[in-house]
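I have placed the structure first, in the form of structure tokens, so that the comments after it can refer back to it.
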Number of protein chains: 2
Amino acid sequence: MITFSEENYLKAIYHHSKDYPNGVSTNAIAKSMCTKASSVTDMLKKLSEKKLVNYKKYQGVLLTKQGEKKAVNLIRRHRLWEVFLLEKLNFTWDEVHEVAEELEHIKSEKLINELDRLLDFPKKDPHGDPIPDKDGNFTKDIKVLLSTLNEKETGICVGVNDTSTDFLKYLNKQNIAIGKHITVVEKEVFDGSILIKIEDNQFYISHQIAKNLFLQLQ
Amino acid sequence: MITFSEENYLKAIYHHSKDYPNGVSTNAIAKSMCTKASSVTDMLKKLSEKKLVNYKKYQGVLLTKQGEKKAVNLIRRHRLWEVFLLEKLNFTWDEVHEVAEELEHIKSEKLINELDRLLDFPKKDPHGDPIPDKDGNFTKDIKVLLSTLNEKETGICVGVNDTSTDFLKYLNKQNIAIGKHITVVEKEVFDGSILIKIEDNQFYISHQIAKNLFLQLQ
DNA sequence: ATAAGTTTTTAGTCTTATCTAAAAATAAAA
DNA sequence: TTTTATTTTTAGATAAGACTAAAAACTTAT
């Protein structure tokens, strides 16, 4: 069983390791976590025993495969909760982080995967950071659902989620096709419908449609 | 600042005090929390210092006004999360409790009040237990939103949530008024619209309307 | 009313996660 | 290459929450 505190250390090490790929210093961790170097040393020993980090005295620390997996999953949870708070609970950009910091520690696979579904499998959090999927993969080719785009964003249509003939017929009729540039002009909060622009035509599509169109972000 | 553990004790005492209004015994608490009597004694001293319980050695314990307020709020959080897990995240009846047990400790007023709104201010949790409102009142007179009724249920219109003139005008036009009996004939899953019956007239109203009409259940 | 049984509390220990202060190791400067 | 400065680790302490074992207080039964 992993504790809240251990999870927080893993997350901090993960973030620092981008800048210090040869080993994250004790002080760097202490500073970012508002704690003392001696506390960090204690925790590194514990995490090392649990095989979540590779740690040699005075040499800095890096995550093991196992540790990284846990860190990435934690980031997934954090970012999904942020999207949830913003989109479903009317939180503002600056309010999300603090609460997500608590929610991310709730331990339930199902909880987080269902949350992912509820939010239409978002690929980015409110700050534009990518959200890893359940296997820990960050989709670098940013194929996202049209429904997850914000106002003013544009993407190229690259695929559909629903492949029923009814849906494809509808797309034909509306002149929506692979390769077309689609811009989100306005999102209707009331029913989730979206005003989109394709080649100088503007029209509304329902949330249902937007949930089934994949775009590649520009 | 109140800890997870303290909150759990408050909850346990609250539940026991229904059966033992003159004082809850140390052993009863220990048993229901799967802990030892000595641990309970320790905690009762701490809670007593914080003025959350009235505790005299060997005499049993009861919540103070302040302690009860916290306990009721905790129950509110627990039950709202249960509704959320069941209705929005496809959890089953038996899965909700364990995860709600963790979620209930997340500290954010806004989080829980927005969750309440997202769920249309439910008055009962999945087990039929009442959900206290944000002021700690269990509505014994079950004033519920029309949107929360199930098919075949009937209620008397007792109020509105939205008081805009546009909304009230609409109600007039549709012959919806305080005192009228309203029966839910059918609920449309697709868009949340509801087929209702008032004095032999049947017609559809949108989810938006149903979310703003209070009924007293029959 | 006193002995036996039960419940509750105290006293002392353990673990987790912190901290301070001092010692050891590494890095930088003269 | 020494000396100085910085970083990191150790040693020892503290607080929260839990435990065991023993003492103290209440309850029952004789």
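Convention: sequence-line order gives letters A, B, ...; per-chain numbering from 1.
What separates CD1 of B:I29 from C1' of C:dT9 is a distance of 14 Å, to the nearest Å. Spacing between atom NZ of B:K50 and atom C1' of D:dG17 amounts to 12 Å, rounded to whole angstrom units. Taking atom CG of residue A:D42 and atom P of nucleotide C:dT20, one finds them 13 Å apart after rounding to whole Å. Across the protein-nucleic acid pair, B:L10 atom CG and D:dG17 atom P stand 12 Å apart, rounded to whole Å. Following rounding to the nearest Å, A:Q59 (CD) and D:dT8 (P) show an atom-to-atom distance of 11 Å. Between the OH atom of A:Y58 and the C1' atom of C:dA25 there is a distance of 4 Å, given to the nearest Å. Protein atom CE of B:M33 is 11 Å distant from nucleotide atom C1' of D:dA18, rounded to whole Å. Counting to the nearest Å, the P atom of C:dA17 and the CE atom of A:M1 are 12 Å from each other.
For a distance-only test at 3.5 Å, the side chain of B:S25 fails to qualify as a donor-acceptor partner of the base of C:dT8. Judged by distance alone, with hydrogens and angles left aside, B:T26 brings no side-chain donor or acceptor close enough to the base of C:dT9 to form a pair under 3.5 Å.
Residue B:Y9 places at least one side-chain N or O under 4.0 Å from the OP1 or OP2 atom of D:dA18. Contact annotation: B:T41 reaches the phosphate of C:dT9 (side-chain N/O to OP1 or OP2, under 4.0 Å). Contact annotation: B:K57 side-chain N/O to D:dA25 OP1/OP2 distance is not under 4.0 Å. Dashed line: the shortest gap from a side-chain N or O of A:K46 to OP1 or OP2 of C:dA17 is under 4.0 Å. A close approach under 4.0 Å does not occur between any side-chain nitrogen or oxygen of A:T35 and OP1 or OP2 of C:dA17. Distances shown here put every side-chain N or O of B:S38 at or beyond 4.0 Å from the OP1 or OP2 atom of C:dT9. Dashed line: the shortest gap from a side-chain N or O of B:K45 to OP1 or OP2 of C:dT10 is under 4.0 Å. OP1 or OP2 of D:dA18 sits under 4.0 Å from a side-chain N or O of B:S5. The side chain of A:N27 contributes an N or O atom lying less than 4.0 Å from OP1 or OP2 of D:dT8. OP1 or OP2 of C:dT9 has not a single side-chain nitrogen or oxygen of B:K36 nearer than 4.0 Å. Between B:T3 and the phosphate of D:dG17, there is a side-chain N or O to OP1/OP2 separation shorter than 4.0 Å.
Nucleic acid contact for B:Y55: sugar-phosphate only, since backbone atoms but no base atoms lie under 4.0 Å from a heavy atom of the residue. Within the nucleic acid shown, A:K31 has no heavy atom closer than 4.0 Å to any nucleic acid atom.
The environment of A:K134 atom NZ is sparse: at most 12 non-hydrogen atoms of other residues, nucleotides or ligands sit within 6.0 angstrom. A 6.0 Å sphere centred on CD of A:E98 holds no more than 12 heavy atoms belonging to other residues, nucleotides or ligands. Within a 6.0 Å sphere centred on NZ of B:K187, other residues, nucleotides and ligands contribute more than 12 heavy atoms. Around atom CZ of B:F4, more than 12 heavy atoms belonging to other residues, nucleotides or ligands sit under 6.0 Å away.
When atom types are taken as modelled, the side chain of B:T35 and the backbone of B:K31 share no donor-acceptor pair closer than 3.5 angstrom.
Under a cutoff of 6.0 Å and an axis angle of 45°, A:K110 and B:F91 form a cation-pi pair.
Comparing atom distances between the B:S39 side chain and each of D:dC19, D:dG17, C:dC19 picks out D:dC19 as nearest.
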